Protein chains: 2
Amino acid sequence: MFELDLRSRKPIYEQLVDKLKELIINEILKPDEQLPSVRTLAQELTINPNTIQKAYRELETQGFIYSQQGKGSFVNPNNESRDAGKVNSIKTELEKLILEALYLGVKAEELIQLIENLNASKGGGDSND
Amino acid sequence: MFELDLRSRKPIYEQLVDKLKELIINEILKPDEQLPSVRTLAQELTINPNTIQKAYRELETQGFIYSQQGKGSFVNPNNESRDAGKVNSIKTELEKLILEALYLGVKAEELIQLIENLNASKGGGDSND
DNA sequence: CTAAGTGTATTACTAATCTTAATACAGTTA
DNA sequence: TAACTGTATTAAGATTAGTAATACACTTAG
């Protein structure tokens with residue numbers, strides 16, 4: 001299900017968070033779909049269950065999944081209103097990166113094109129990155 | 001010159017890097033303008049010179065400043081061609097954030113507006129964030 | 001109720017990072 | 001030469017991050 005780089009400087013749990021976020025955003029994991037249990041996934045990836053749990057907790061904090069004790073962890077159906085704070089922090093990050101890109105000579109049109117491409121492929125299934 | 005949060009989880013040198021990048025991008029620090037010396041700034045902020053140096057080294061690695069032994073550290077005039085690798089990594093980061101924003105319900109138009117606003121204010125002096 | 005599955009919490013050990021400090025070296029400039 | 005620059009090294013302490021082992025709590029199927 002995942003390919004992890006155990007030798008990377010990037011923590012395992014962070015790699016997990018990124019990959020799962022990607023799967024959720026690209027709707028490969030559907031709303032309310034159950035994720036693998038912490039122990040199952042831990043066995044599969046040959047890492048510690050706590051590491052999985054740390055990733056799941058982070059995803060829950062960020063609002064991408066919800067967990068129920070005894071039942072499992074599931075993809076959070078994305079109601080586009082609950083995340084005002086998160087949207088704001090993302091916008092702040094975006095501003096920083098956009099300013100940096102503009103400073104380095106990237107044209108505004110190019111950035112706009114980037115958005116339009118990503119927006120067009122949204123919901124169109126998987127992406128190749 | 002700066003306000004640092006010594007109690008923050010964010011390392012001091014990283015706070016410095018961010019602030020200086022901002023000043024450079026917004027052209028408050030002009031090309032070839034000399035930065036405060038590591039020792040001066042260290043005294044001013046009551047922190048260790050090594051911490052300043054770490055920030056300066058990071059800024060130099062990222063291409064925002066250049067340093068000359070015996071002379072000082074200076075804002076790097078931004079020739080908009082040298083940073084192909086950096087531009088690419090910024091674009092990758094942007095893609096991730098844009099996808100996440102779109103997923104959370106932010107409209108593409110809103111993001112485009114964001115870019116246009118930032119682009120319009122570019123070179124127009126300071127910003128209020 | 002029991003068994004086997006789920007998530008959760010606590011604790012501990014290890015490793016890495018951050019900050020400071022004390023020196024020393026090297027180049028520039030007046 | 002003196003006083004300023006950046007740079008490098010080493011070491012120490014503190015904090016944080018990552019991983020692991022274990023126990024607890026809830027849910028579901030029988």
Side-chain angles (χ1 to χ4, degrees), chain A residues 1-21 24 29 31-77, chain B residues 1-21 24 29 31-77:
Chain A
M1 189 171 190
F2 305 107
E3 295 169 16
L4 297 178
D5 181 1
L6 301 181
R7 287 144 206 86
S8 167
R9 274 61 61 203
K10 189 168 197 173
I12 297 175
Y13 85 94
E14 228 175 276
Q15 295 180 46
L16 270 170
V17 168
D18 282 355
K19 302 229 189 233
L20 286 167
K21 261 167 85 164
I24 293 172
L29 292 174
D32 290 314
E33 179 173 342
Q34 182 163 12
L35 300 172
S37 81
V38 289
R39 289 174 185 79
T40 302
L41 192 50
Q43 255 190 340
E44 214 170 286
L45 301 175
T46 342
I47 59 183
N48 194 280
N50 284 335
T51 306
I52 309 287
Q53 198 217 331
K54 184 163 190 177
Y56 280 14
R57 195 192 318 156
E58 174 67 19
L59 285 167
E60 192 168 13
T61 300
Q62 291 190 30
F64 285 94
I65 70 174
Y66 61 94
S67 298
Q68 290 178 335
Q69 207 171 247
K71 302 186 72 175
S73 298
F74 308 86
V75 175
N76 205 347
Chain B
M1 190 173 191
F2 306 107
E3 295 169 15
L4 297 179
D5 181 1
L6 300 182
R7 287 147 205 82
S8 167
R9 276 62 61 205
K10 189 169 196 172
I12 297 174
Y13 85 94
E14 230 175 274
Q15 296 180 46
L16 268 171
V17 168
D18 282 355
K19 301 229 188 235
L20 285 168
K21 260 166 84 166
I24 292 172
L29 292 174
D32 291 313
E33 179 174 342
Q34 181 163 12
L35 299 173
S37 79
V38 288
R39 289 174 183 81
T40 302
L41 192 51
Q43 253 189 341
E44 215 171 284
L45 301 175
T46 339
I47 58 182
N48 194 280
N50 286 334
T51 306
I52 308 287
Q53 199 214 333
K54 185 166 188 174
Y56 279 14
R57 195 191 319 155
E58 174 66 19
L59 285 167
E60 192 169 13
T61 299
Q62 291 190 30
F64 285 94
I65 70 174
Y66 62 94
S67 298
Q68 290 179 336
Q69 207 171 249
K71 301 186 72 174
S73 298
F74 307 86
V75 175
N76 204 348

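Residue numbers begin at 1 in each chain, while the letters A, B, ... track the order of the sequences. Computed from a predicted structure; not experimentally measured.
Within the 4.0 Å cut-off from OP1 or OP2 of D:dG18, at least one side-chain nitrogen or oxygen of A:Y13 is found. Residue A:K71 places at least one side-chain N or O closer than 4.0 Å to OP1 or OP2 of D:dT28.
With rounding to whole Å, A:Q69 atom CD is found 18 Å from D:dA23 atom P. Atom OH in B:Y56 sits roughly 11 Å away from atom C1' in D:dG6 (whole-Å rounding). One interatomic measurement links the two molecules: CD1 of B:I52 to P of D:dT7, which rounds to 13 Å at whole-angstrom precision. Rounded to whole angstrom, the span from the CG atom of A:N50 across to the P atom of D:dC24 amounts to 16 Å. D:dA21 atom C1' lies 12 Å from atom CZ of A:R39, rounded to whole Å. Rounded to whole angstrom, the span from the NZ atom of B:K54 across to the P atom of D:dG6 amounts to 18 Å. What separates CG of A:L16 from C1' of D:dT19 is a distance of 13 Å, to the nearest Å. If you take CD of B:E58 and C1' of D:dG6, they are 17 Å apart, rounded to a whole angstrom.
A 4.5 Å side-chain heavy-atom check between A:T51 and A:Y13 finds at least one atom pair inside the cut-off. In this structure the side chain of A:D32 reaches within 4.5 angstrom of the side chain of A:Y66, judged on heavy atoms. A:L20 has its side chain out of reach of A:I65: every pair of non-hydrogen atoms, C-beta onward, lies at least 4.5 Å apart. For the pair A:L6 and A:I47, the minimum side-chain heavy-atom distance is below 4.5 Å.
Nearest-nucleotide assignment on DNA chain D puts the 5′-proximal partner with B:T40, out of B:T40 and B:R57. Remark on DNA chain D: of its neighbouring residues A:Q68 and B:Q53, the 5'-side contact belongs to B:Q53, judged by nearest-heavy-atom nucleotide.
Judged purely by atom type and a 3.5 angstrom limit, B:E58 has no side-chain atom pairing as donor or acceptor with the backbone of B:E14. Remark: side-chain polar atoms of A:Q53 are not paired, donor with acceptor, to backbone N or O of A:N48 under 3.5 angstrom.
Nucleic acid contact class of A:Q34 (heavy atoms, under 4.0 Å, all strands): none. Residue B:T46 is out of contact with every strand shown, counting any heavy-atom pair closer than 4.0 Å.
Along DNA chain C, the stretch of nucleotides lying under 4.0 Å from any heavy atom of chain B spans, 5' to 3', C:dC18 to C:dT29.
In this structure, of D:dG6, D:dT19, D:dC24, it is D:dT19 that holds the atom nearest to the side chain of A:T51.
The 12-atom threshold is exceeded at CD of B:Q68, counting heavy atoms of other residues, nucleotides or ligands nearer than 6.0 Å.
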